[in-house]
Protein chains: 2
Amino acid sequence: MPPEDWTDRHVARWRDHWSGITYDDQVEGIVTRIGQIDHYLGETMKRAAAASDLQESEYKTLHELMIRDTPGSASPGELAEDLKISGAGMTGRLDALEKKGWIRRVSAIDDRRRVIIQITPKGTEVWRGAMANRGTAEDELIASLTDRERATLNRILKKLTLYIESLPD
Amino acid sequence: MPPEDWTDRHVARWRDHWSGITYDDQVEGIVTRIGQIDHYLGETMKRAAAASDLQESEYKTLHELMIRDTPGSASPGELAEDLKISGAGMTGRLDALEKKGWIRRVSAIDDRRRVIIQITPKGTEVWRGAMANRGTAEDELIASLTDRERATLNRILKKLTLYIESLPD
DNA sequence: GACGAAAAATTCGCTAGCGAAATACTATCG
DNA sequence: CGATAGTATTTCGCTAGCGAATTTTTCGTC
């Protein structure tokens with residue numbers, strides 16, 4: 001008898017009590033497990049951020065600003081899109097980072113609607129500190145898989161992400 | 001040359017610009033893809049909820065209240081734990097549902113600290129309507145995988161969830 | 001060149017959720 | 001039995017993020 005996780009029990013409760021409502025075991029299993037894992041990863045990211053006295057949103061924003069083809073430089077709209085938050089939310093995040101002196105806003109030359117967000121030397125230092133300090137919880141989670149399982153998981157997950165990315169916005 | 005998803009490009013940017021910062025391609029791939037997929041699933045759930053004039057939080061709460069060994073009956077703490085939100089957040093959600101007449105709060109007999117949340121007939125009706133109306137976006141996403149890939153994905157994801165569930169709280 | 005549509009960033013008013021604190025209740029231990 | 005620790009729920013003050021609206025600028029068409 002293989003061990004059960006929370007999702008197995010959730011799916012069993014559906015089966016036991018609501019036979020009139022159609023659902024697919026496998027779909028529900030995948031969807032629920034992805035949700036559970038993502039929640040855990042979110043918690044580990046909050047802890048990693050906190051280890052450098054950052055909020056998760058600060059950590060994510062700095063990281064997305066640095067890991068790009070133009071490291072340390074991006075428009076608010078690009079950042080919002082990559083981080084999958086609204087423009088209004090992005091403005092709020094940037095206001096907070098600007099206040100702390102980690103970024104600055106510069107008007108774009110080629111298009112006066114545009115703002116360019118640039119990391120400051122202080123912001124770079126904060127981000128590097130956070131990267132050095134980020135912990136190993138993700139690595140440890142994925143370490144519970146074999147090398148082969150990791151490759152397989154990435155391959156299958158990528159089929160899903162390619163599907164999602166093929167959809168119109 | 002296999003197609004690239006957003007995560008491939010993200011990982012490439014890391015490699016191209018920050019060789020001094022250690023990371024593991026496979027880990028980053030898995031973690032990022034799970035995040036992307038979960039975000040998409042969240043969006044589909046919001047749309048499914050909206051199809052029945054529900055907020056996502058309302059939809060999730062009603063669903064968790066119904067899909068349990070005691071369908072339609074649970075304590076706030078149990079619901080909060082299963083939904084992975086704080087007790088304070090759970091109180092807010094329940095206040096909103098109670099206001100709409102979809103649930104009621106009953107004092108527990110065996111333990112006066114406890115409240116029992118019970119679904120009302122109206123709440124059951126709303127939930128059934130939402131389930132009937134929930135759309136097929138999840139099914140369609142997972143339909144991009146073969147049967148074998150689905151089973152494999154569930155098996156590997158379950159290894160991760162079992163690891164997470166083995167950790168102390 | 002004029003006009004309307006689209007785009008970029010921000011503002012505004014609102015909501016969901018958080019952590020800490022508060023209150024009441026229950027369990028355990030000496 | 002009394003004191004203490006732990007538990008369940010809610011309240012409180014705060015924050016991040018949302019959708020809609022706003023303002024300015026750019027683009028495309030005639």
Side-chain angles (χ1 to χ4, degrees), chain A residues 35 38-39 42-43 45-47 49-50 53-65 73-100 102-118 168-169, chain B residues 35 38-39 42-43 45-47 49-50 53-65 73-100 102-118 168-169:
Chain A
D38 187 70
H39 180 267
E43 301 273 280
M45 190 173 284
K46 282 189 184 104
R47 284 198 295 273
D53 290 308
L54 297 180
Q55 298 296 315
E56 184 197 5
S57 60
E58 292 169 336
Y59 182 88
K60 277 185 168 179
T61 306
L62 284 175
H63 193 62
E64 205 63 53
L65 180 56
S73 180
S75 73
E78 287 166 352
L79 289 169
E81 189 173 338
D82 288 343
L83 288 161
K84 297 187 190 302
I85 66 170
S86 70
M90 195 70 242
T91 295
R93 285 197 188 186
L94 296 173
D95 288 347
L97 296 187
E98 191 178 26
K99 190 177 234 179
K100 290 186 173 186
W102 297 343
I103 62 154
R104 64 177 160 244
R105 282 176 166 100
V106 180
S107 301
I109 295 167
D110 58 319
D111 182 343
R112 283 182 298 173
R113 292 172 299 184
R114 282 184 173 269
V115 171
I116 306 294
I117 303 299
Q118 298 193 328
D169 281 343
Chain B
D38 188 69
H39 180 265
E43 301 273 280
M45 190 173 285
K46 282 189 184 107
R47 282 197 296 273
D53 290 309
L54 296 182
Q55 298 296 316
E56 185 197 6
S57 58
E58 292 170 333
Y59 182 88
K60 277 186 172 179
T61 305
L62 285 176
H63 192 59
E64 206 63 55
L65 180 54
S73 180
S75 74
E78 288 165 354
L79 289 170
E81 188 172 339
D82 288 345
L83 289 162
K84 296 187 189 306
I85 67 171
S86 70
M90 195 69 243
T91 294
R93 282 197 191 187
L94 295 173
D95 288 347
L97 296 186
E98 190 178 27
K99 188 177 237 179
K100 290 186 173 184
W102 297 343
I103 62 155
R104 64 180 161 244
R105 282 178 167 99
V106 180
S107 300
I109 295 167
D110 59 316
D111 182 341
R112 283 183 297 176
R113 292 172 300 184
R114 281 183 173 270
V115 170
I116 306 294
I117 304 299
Q118 296 192 330
D169 282 343

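Only a predicted model underlies this, so the values are computations on that prediction, with no experimental measurement involved. Letters A, B, ... mirror the listed sequences (proteins, then strands); counts begin at 1.
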**Q.** Separation of D:dA16 C1' from A:Lys100 NZ (nearest whole Å)
**A.** 13 Å
Using nucleotides 22-29 of chain C, report all nitrogen or oxygen pairs with the protein that are shorter than 3.5 Å.
| from | atom 1 | to | atom 2 | distance (Å) |
| --- | --- | --- | --- | --- |
| C:dC25 | O2 | B:Arg113 | NH1 | 3.4 |
| C:dT26 | OP1 | B:Arg112 | N | 2.8 |

Q. For the pair made of CG in A:Leu83 and P in D:dC18, what is the distance, rounded to whole Å?
A. 11 Å
**Q.** Phosphate OP1/OP2 of D:dT9 contacted by B:Ser75 side-chain N/O (<4.0 Å)
**A.** yes
**Q.** A:Pro76, nearest nucleotide to its side chain (from C:dG17, C:dA9, D:dG17)
**A.** C:dA9
Q: Figure out the CD/P separation between A:Glu56 and C:dG17, and round it to whole Å.
A: 15 Å
Q) Hey, are B:Glu56 and B:Lys60 close enough for a salt bridge, meaning a charged N less than 4.0 Å from a carboxylate O? A) yes
Q) What are the residues of residues 86-94 of chain A, sorted by number, that bring a heavy atom to within less than 4.0 Å of DNA chain C? A) A:Gly87, A:Ala88, A:Thr91
Q.
Without decimals, in angstroms, what is the distance between B:Ile103 CD1 and D:dT9 P?
A. 12 Å
Q: Salt-bridge test for A:Glu58 and A:Lys100: reply yes if a basic N is under 4.0 Å from a carboxylate O, no otherwise.
A: yes
Q) Looking only at heavy atoms, what is the nearest atom pair of B:Met90 and B:Ile85, with distance? A) N-CD1, 3.6 Å
Q: Take the protein atom NZ of B:Lys46 and the nucleotide atom C1' of D:dG17, then report the distance between them rounded to whole Å.
A: 10 Å
Q: Take atom CD1 of A:Ile117 and atom P of C:dT10, then tell me their distance rounded to the nearest Å.
A: 6 Å
Q. In whole angstrom, what separates B:Glu43's CD from D:dG19's C1'?
A. 13 Å
Q) Do A:Trp102 and A:Leu54 have side chains that get closer than 4.5 Å, going by heavy atoms? A) yes
Q | B:Thr91 versus B:Arg105, closest heavy-atom pair with distance | A | O-NH2, 3.6 Å
Q: Figure out the CD1/P separation between B:Ile85 and D:dT15, and round it to whole Å.
A: 21 Å
